[in-house]
Novice: 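Provided herewith is a single structure, encoded as structure tokens, for subsequent inquiry.
These numbers come from a predicted model, not from an experiment.
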Amino acid sequence: MNLGKKYISNLYKDNLIYDHLINKVSVNSKNVEKNDIFVAISGTNKDGNDYISEAIKNGAKTIITEEKCFYENVNIMIVENSRKELARILKIIYSKIMKKMKIIGVTGTNGKTTTTTLVYRYLKDIGKEALLIGSNGIYFSNIYYEGINTTPDITIIYDSIYKAFVQGCKYVIMEVSSHAIKQLRVLGIEFNVGLFTNLTLDHLDYHGDFTDYKYTKGLFISSINEPNYVILNKDSDYYHFYESLSKTKVISYGINRADFLIKDVKLFGHKSEFIISYKDRSMKIDTPFIGMFNVYNITSFVAIITVLKLCKENQVIEFLSKKIVIPGRMEEVEYKGRTIIVDFAHTPDGVFNVLTFLKILKRKIILVVGCGGSRDKTKRRVIGEISVSNSDYVIFTSDNPRDEDENEIIKDIIRDIELTNFEVTTDRKQAITKAIKMSEENDIIAILGRGNEQYQKVKQQLIPLNDMNVVLEVIKEG
């Protein structure tokens, strides 16, 4: 990998046994090659310090660690914080490349995937090479890499940007999760545009409380400096909080006195119509995207491409008039007069938004939903109440049980439910099959929670399971 022939002496002046040309930086000892830097990071499940010997055996010539240790014939750099040091050296190594890129980051509880995917698809539509990093994986041109996290490890981010850059890419669109912010996976990356969608109950298992979750998102907003842009949802309860944290120009979008003002919204079962006004311009949108949440997603997309000076009105209108399939995001299949919808909605707010929109259509709703294990337990009973109150019939099932018993998770969901319009089928594949088989013409079957996830996480295993694949199998069987 040619990174401008950087030597370890470009990063460290003291305590070097010898200088060496840097091949790459790695946090995984199994991926280490000759002349690599290995950074030992203590994670939730594994401690990188336990793998230093393996990294050296595989060719590492410099080790970065927080612990005092001694190994022969390698540079040992003892630092206060390995994650911060990793971010620091990557920023130096990739500095020339990053200055030539436009980096767009989108954070928030809901809407990240739809917004970032729209930007990516539009840039491709107008002939701009772009890299997309998010919960559906990493996309560039015709290349796809499956992802495990919404925002991957920082070394993967930089490596992906480098590979895209050498093929002519100038734009990077990235989902920025709260986990990534707190774990310093985006530390040091200079975002040209940072957008905040919304903030609702989620990830309290990791953050401990809502305040920590809120402030973590704020770290991303406050990291963006002039002359770059922060774009905020004006209708969010937290707009003024994040506005106060911004160090640069803030642009707003929403229905309440926003810069990108949403007007004259008309929602239908098969499309949405609305107007976006910005300064002295108005754009009438007629799109197959459905639901008010997608009106916001589309407006945030328009705001991003406008500040990038890439908003060509006629092309935007034509682009949004097409049927754009975003895997696992309100993904629809028609089957014998029924509509089957697969969506990632897994928070109380997300589930509520999907179901309240579907109720407008005045069709019977059969819902398949569950909650993830080893995650925030407080939202389980809330999702249970929302589900039965806004659906005609619910099949509660497993999501990603992880280290918990799926039966205990479902007990938490249904604990306080007084209505009787539900049943429990722990096997998710069976639950989806049952929902489709029991449905009648004109019904809507909504399968929520996992979106386009390819695996179900059970204990320490990844078991292949994709909701849409199950749907297509059931349809094929007739």
Novice: Take Thr248 and Asn225 through the test side-chain hydrogen bond (donor to acceptor under 3.5 Å, both in side chains) and record every step on the way to the result.
Specialist: CA-CA 5 Å; Thr248 187; Asn225 299 305; over 6 Å; no
Novice: Heavy atoms only: give me the nearest Ile409-Gly373 pair and the separation to one decimal.
Specialist: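 For Ile409 versus Gly373, the nearest heavy atoms are CD1-CA, 3.5 Å.
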Novice: Kindly indicate, with the supporting measurements, whether the criterion ring-ring contact (aromatic ring centres under 6.0 Å, His included) is fulfilled by Tyr215 and Phe241.
Specialist: CA-CA 9 Å; Tyr215 274 90; Phe241 172 74; 5.0 Å; yes
Novice: Which value, rounded to the nearest 0.5 Å, describes the distance between Ile89 atom CD1 and Ile37 atom CD1?
Specialist: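 With rounding to 0.5 Å, CD1 (Ile89) is 4.5 Å from CD1 (Ile37).
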Novice: May I ask you to test the Ser29-Phe38 pair for a side-chain heavy-atom distance under 4.5 Å?
Specialist: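 A side-chain contact exists here, since the closest heavy-atom pair is under 4.5 Å.
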Novice: Are any of the side-chain nitrogens in Asp212 or Lys182 under 4.0 Å away from the carboxylate oxygens of its partner?
Specialist: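 Answer for the salt bridge query: yes.
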Novice: Any carboxylate oxygen within less than 4.0 angstrom of a Lys/Arg side-chain nitrogen, looking at Lys322 and Asp125?
Specialist: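 Salt bridge between Lys322 and Asp125, a charged N being under 4.0 Å from a carboxylate O: yes.
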Novice: Measure the spacing between CZ of Phe196 and OH of Tyr242 and express it to the nearest 0.5 Å.
Specialist: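 With rounding to 0.5 Å, CZ (Phe196) is 5.0 Å from OH (Tyr242).
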Novice: Using the ring-ring contact (aromatic ring centres under 6.0 Å, His included) rule, take Phe301 and Phe289 through it: C-alpha gap first, then chi angles, then the decisive distance, then the call.
Specialist: CA-CA 13 Å; Phe301 147 72; Phe289 280 90; 9.2 Å; no
Novice: Which atoms form the tightest heavy-atom contact between Asn58 and Lys30, and what is the distance?
Specialist: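 Scanning both residues completely, I find the closest heavy atoms to be ND2-CA, 4.1 Å.
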Novice: Starting at OG1 of Thr65, measure out to CD1 of Ile52 and round the result to the nearest 0.5 Å.
Specialist: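 One gets 4.5 Å once the value is rounded to the nearest 0.5 Å.
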Novice: Between Pro152 and Ile138, what is the shortest heavy-atom contact and its length?
Specialist: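 Heavy atoms of Pro152 and Ile138 come nearest at CG-CD1, 4.4 Å.
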Novice: For the NZ atom on Lys128, are there more than 12 heavy atoms of other groups (residues, nucleotides or ligands in this structure) within a distance under 6.0 Å?
Specialist: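 No, because the 6.0 Å sphere around NZ of Lys128 holds 12 heavy atoms or fewer from other groups.
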Novice: Strictly below 4.0 Å, N to O, side chains only: are Asp159 and Lys163 in salt-bridge contact?
Specialist: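 Counted as a salt bridge, because a side-chain N and a carboxylate O are separated by less than 4.0 Å.
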Novice: Can you say whether the rings of Phe260 and Tyr278 are parallel (under 30°), tilted (30 to 60°) or perpendicular (over 60°)?
Specialist: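 Ring orientation of Phe260 relative to Tyr278: parallel.
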Novice: Below 4.5 Å, heavy atoms only, C-beta onward: do Val106 and Ile304 meet side chain to side chain?
Specialist: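 Side-chain contact under 4.5 Å: yes.
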Novice: Would you name the heavy atoms of Lys24 and Asn31 that are closest together and state the gap between them?
Specialist: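 Scanning both residues, the minimum pair turns out to be NZ-O, 2.9 Å.
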Novice: Look at atom NZ of Lys323 and say whether more than 12 heavy atoms of other residues, nucleotides or ligands are closer to it than 6.0 Å.
Specialist: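 More than 12 heavy atoms, drawn from other residues, nucleotides or ligands, come within 6.0 Å of this atom.
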Novice: Quick one: are Leu11 and Ile22 in side-chain contact, heavy atoms under 4.5 Å?
Specialist: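 Yes, side chains in contact.
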Novice: Do other residues, nucleotides or ligands put more than 12 heavy atoms under 6.0 Å from Phe319 CZ?
Specialist: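 More than 12 within 6.0 Å, yes.
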Novice: Using a strict threshold of under 4.0 Å (side-chain N to carboxylate O), is an ion pair present between Lys91 and Glu190?
Specialist: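 Salt bridge present between Glu190 and Lys91.
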Novice: Show your reasoning for whether side-chain contact (heavy atoms from CB on, under 4.5 Å) applies to Val307 and Lys249.
Specialist: CA-CA 11 Å; Val307 300; Lys249 180 177 175 59; over 6 Å; no
Novice: Do the side chain of Asn75 and the main chain of Ile17 share a donor and acceptor less than 3.5 angstrom apart?
Specialist: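 Flag set: sc Asn75 to bb Ile17 pair under 3.5 Å.
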Novice: Using a 4.5 Å cut-off on heavy atoms from C-beta on, say whether the side chain of Lys102 contacts that of Val172.
Specialist: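 Heavy-atom side-chain distance check fails, nothing below 4.5 Å.
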Novice: Establish, from distance only, whether the side-chain atoms of Glu175 and Thr113 form a donor-acceptor pair under 3.5 Å.
Specialist: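 On atom types as modelled, these side chains qualify, holding a pair under 3.5 Å.
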Novice: Under a 4.0 Å N-O cut-off, is there an ion pair linking Lys234 with Asp259?
Specialist: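 Salt bridge absent between Lys234 and Asp259.
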Novice: Might you work through the ring-ring contact (aromatic ring centres under 6.0 Å, His included) test for Phe210 and Tyr238, ending with a clear yes or no?
Specialist: CA-CA 12 Å; Phe210 192 78; Tyr238 305 96; 5.7 Å; yes
Novice: Exactly one of Thr62, Val32, Val39 should register a side chain to side chain contact (heavy atoms under 4.5 Å, CB included) with Val25. Which one does?
Specialist: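 Checked Thr62, Val32, Val39 against Val25; only one passes side chain to side chain contact (heavy atoms under 4.5 Å, CB included): Val39.
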Novice: Can you give me the closest heavy-atom contact between Cys169 and Met101, atom names plus distance?
Specialist: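 So the minimum-distance heavy-atom pair works out to O-SD, 3.3 Å.
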Novice: Do the ring centers of Tyr18 and Tyr7 come within less than 6.0 Å of each other?
Specialist: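 Centroid separation for Tyr18 and Tyr7: 6.0 Å or greater.
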Novice: How about Lys271: does its NZ atom have over 12 heavy atoms from other parts shown lying under 6.0 Å from it?
Specialist: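 More than 12 within 6.0 Å, yes.
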Novice: Can you check side-chain contact (heavy atoms from CB on, under 4.5 Å) on Tyr51 and Lys46, steps first, answer last?
Specialist: CA-CA 9 Å; Tyr51 299 89; Lys46 293 182 179 180; 3.8 Å; yes
Novice: State which residues pass side chain to side chain contact (heavy atoms under 4.5 Å, CB included) with Glu453; sequence neighbours excluded, sorted by chain then number.
Specialist: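 In terms of side chain to side chain contact (heavy atoms under 4.5 Å, CB included), with neighbours along the sequence ignored, Glu453 is linked to Phe344, Asn400, Arg450.
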Novice: With no hydrogens and no angle check, just 3.5 Å: does a side-chain donor-acceptor pair link Thr197 and Asn233?
Specialist: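 The answer is no; no qualifying pair exists.
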Novice: Going by distance alone, is a donor N or O of one side chain under 3.5 Å from an acceptor N or O of the other, for Tyr296 and Asp235?
Specialist: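 Yes, a side-chain donor-acceptor pair sits under 3.5 Å.
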Novice: Have Gln456 and Ser398 got a donor and an acceptor in their side chains that come within less than 3.5 Å?
Specialist: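 Side-chain D/A pair, Gln456 to Ser398: present.
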Novice: Quick one, Gln183 and Ile41 - any side-chain contact, counting heavy atoms below 4.5 Å?
Specialist: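 With C-beta onward as the side chain, the pair stays apart.
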Novice: Quick check: do Val325 and Glu331 have side-chain heavy atoms less than 4.5 Å from each other?
Specialist: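 Touching, per the 4.5 Å side-chain cut-off.
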Novice: Should the pair Glu54-Lys57 be classified as a salt bridge under the 4.0 Å nitrogen-to-oxygen rule?
Specialist: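 Looking at Lys57 together with Glu54, the answer is no, because their closest N to O distance does not fall below 4.0 Å.
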Novice: Are Phe191 and Val176 packed together at the side-chain level, in the sense that at least one heavy-atom pair is separated by less than 4.5 angstrom?
Specialist: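 In short, these two side chains touch, coming nearer than 4.5 Å.
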Novice: If you take all heavy atoms of Val354 and Ala345, which pair is closest and at what distance?
Specialist: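 Closest approach of Val354 to Ala345, heavy atoms only: CG2-CB, 4.0 Å.
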Novice: State whether Phe220 and Arg185 meet the cation-pi test: NZ (Lys) or CZ (Arg) under 6.0 Å from the six-membered ring centroid, and within 45° of the perpendicular axis.
Specialist: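 No cation-pi geometry.
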Novice: Can you tell me how far apart CD (Gln454) and CG (Asp467) are? Round to the nearest 0.5 Å.
Specialist: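 Answer for the CD-CG pair, Gln454 versus Asp467, is 10.0 Å.
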Novice: Determine whether the side chains of Thr117 and Tyr139 contain a donor N or O and an acceptor N or O closer than 3.5 Å.
Specialist: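 The answer is no; no qualifying pair exists.
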Novice: Please list, chain by chain and in numerical order, all residues satisfying side chain to side chain contact (heavy atoms under 4.5 Å, CB included) with Ile475, sequence neighbours excluded.
Specialist: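 Partners of Ile475 under the side chain to side chain contact (heavy atoms under 4.5 Å, CB included) test: Val333, Tyr335, Ile340, Val471.
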Novice: Answer whether the closest heavy-atom distance between the side chains of Asn314 and Glu318 falls below 4.5 Å.
Specialist: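 A side-chain contact under 4.5 Å is absent here.
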Novice: Please lay out, stage by stage, how Cys69 and Ile76 fare under the test side-chain contact (heavy atoms from CB on, under 4.5 Å).
Specialist: CA-CA 8 Å; Cys69 58; Ile76 302 293; 3.9 Å; yes
Novice: Holding to side chain to side chain donor-acceptor pair (under 3.5 Å), I want the full list of residues that pass it with Glu408, two or more places apart in sequence or in another chain.
Specialist: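 If we apply the side chain to side chain donor-acceptor pair (under 3.5 Å) test to Glu408, skipping adjacent residues, the hits are Lys411.
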Novice: Would you give the length of the straight line joining atom CG of Leu86 to atom CG of Leu187, rounded to the nearest 0.5 angstrom?
Specialist: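 So the CG of Leu86 and the CG of Leu187 are separated by 9.0 Å.
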Novice: Just by distance, with hydrogens left out, do Thr347 and Asp349 show a side-chain donor and acceptor under 3.5 Å apart?
Specialist: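 On atom types as modelled, these side chains do not qualify, holding no pair under 3.5 Å.
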Novice: When rounded to the nearest 0.5 angstrom, what is the spacing between CD1 in Ile161 and CG in Leu90?
Specialist: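 Between atom CD1 of Ile161 and atom CG of Leu90 there are 10.5 Å.
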Novice: Under the criterion side-chain contact (heavy atoms from CB on, under 4.5 Å), I'd like the reasoning laid out for Ser272 against Ile285: C-alpha separation, chi angles, the key distance, then a yes or no.
Specialist: CA-CA 8 Å; Ser272 304; Ile285 307 298; over 6 Å; no
Novice: Less than 3.5 Å apart, any donor N or O on the side chain of Asp19 or Ser9 sitting next to an acceptor on the other?
Specialist: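 Indeed, the side chains of Asp19 and Ser9 share at least one donor-acceptor pair under 3.5 Å.
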